[in-house]
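Have a look at the structure below, then the notes.
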Amino acid sequence: MRQDIRVAAADTIVFLDRSRFVCIYQVFKRLLQYRGTSRPDMQDDCPEKIDWDFLKWIWQFPNKQKVIIMNMFETIDQSKNIVILKNKKQIEKIFDQL
């Protein structure tokens with residue numbers, strides 16, 4: 001699993017634990033902002049799009065993937081710094097400290 005390689009190499013793990021409503025809002029915001037074009041952080045041939053499977057994945061994330069991630073956090077090396085950010089203010093504070 002690619003996450004195993006990343007976790008093993010990391011000294012700090014940052015998990016953005018945003019609500020599903022915020023995530024879905026952000027998806028639609030990006031869709032409107034970059035409709036028919038590629039975002040600056042994406043390849044030129046990768047236009048912004050949305051589909052049902054992606055929305056379903058976001059909606060189910062807290063009950064499926066998040067549970068797996070939190071369980072993984074309990075089993076990894078205690079020397080790793082795990083940072084869980086739940087809101088915009090926490091995210092901005094971390095970036096201000098960098």
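Residues take their numbers from the sequence shown, with the count starting at 1.
In terms of the ring-ring contact (aromatic ring centres under 6.0 Å, His included) criterion, residue partners of F61 (sequence neighbours excluded) are, by chain and number, W57. With sequence neighbours left out, the side chain to side chain contact (heavy atoms under 4.5 Å, CB included) criterion links D77 to S79, K80. The ring-ring contact (aromatic ring centres under 6.0 Å, His included) search around F21 returns W59, not counting sequence neighbours. Residues that satisfy the side chain to side chain contact (heavy atoms under 4.5 Å, CB included) test with V22, not counting sequence neighbours, are R18, S19, Q26. Every residue meeting the side chain to side chain contact (heavy atoms under 4.5 Å, CB included) condition with Y25, not counting sequence neighbours, appears here in chain and number order: K29.
Both L31 and V27 sit in one connected hydrophobic cluster of ILVMFWY residues. Membership requires side-chain heavy atoms under 4.5 Å apart, directly or through other members. Residues M42 and Y34 fall into different hydrophobic clusters, defined by Ile, Leu, Val, Met, Phe, Trp and Tyr side chains chained together at heavy-atom separations under 4.5 Å. Both I13 and I84 are part of a single hydrophobic cluster, where members link through side-chain heavy atoms under 4.5 Å apart. By the criterion of side-chain heavy atoms lying less than 4.5 angstrom apart, applied directly or through intervening Ile, Leu, Val, Met, Phe, Trp or Tyr residues, I82 is not grouped with V67; the two fall into different hydrophobic clusters.
Applying the salt bridge (Lys or Arg N to Asp or Glu O under 4.0 Å) test to pairs two or more places apart or on separate chains, those with a residue in residues 60-75 are D17-K66. Residue pairs meeting the salt bridge (Lys or Arg N to Asp or Glu O under 4.0 Å) criterion with at least one partner in residues 31-50, sequence neighbours excluded, are R30-E48, R39-D41, R39-E48. Each salt bridge (Lys or Arg N to Asp or Glu O under 4.0 Å) pair with one or both residues in residues 89-98, not counting sequence neighbours, would appear here, but there are none.
For the atom pair N63 CG and I68 CD1, the distance stands at 11.5 Å (nearest 0.5 Å). The CZ atom of R20 sits 9.0 Å away from atom CD of Q60, with the distance rounded to the nearest 0.5 Å. Distance check, rounded to the nearest 0.5 Å: CD1 of I94 to OG1 of T12 gives 9.5 Å. Atom-to-atom distance recorded for I58:CD1 and Q65:CD is 10.5 Å, nearest 0.5 angstrom.
Counting non-hydrogen atoms of neighbouring residues, nucleotides and ligands closer than 6.0 angstrom, the CD atom of Q78 reaches no more than 12 such neighbours. At most 12 heavy atoms of other shown residues, nucleotides or ligands fall within 6.0 angstrom of atom CD in Q43.
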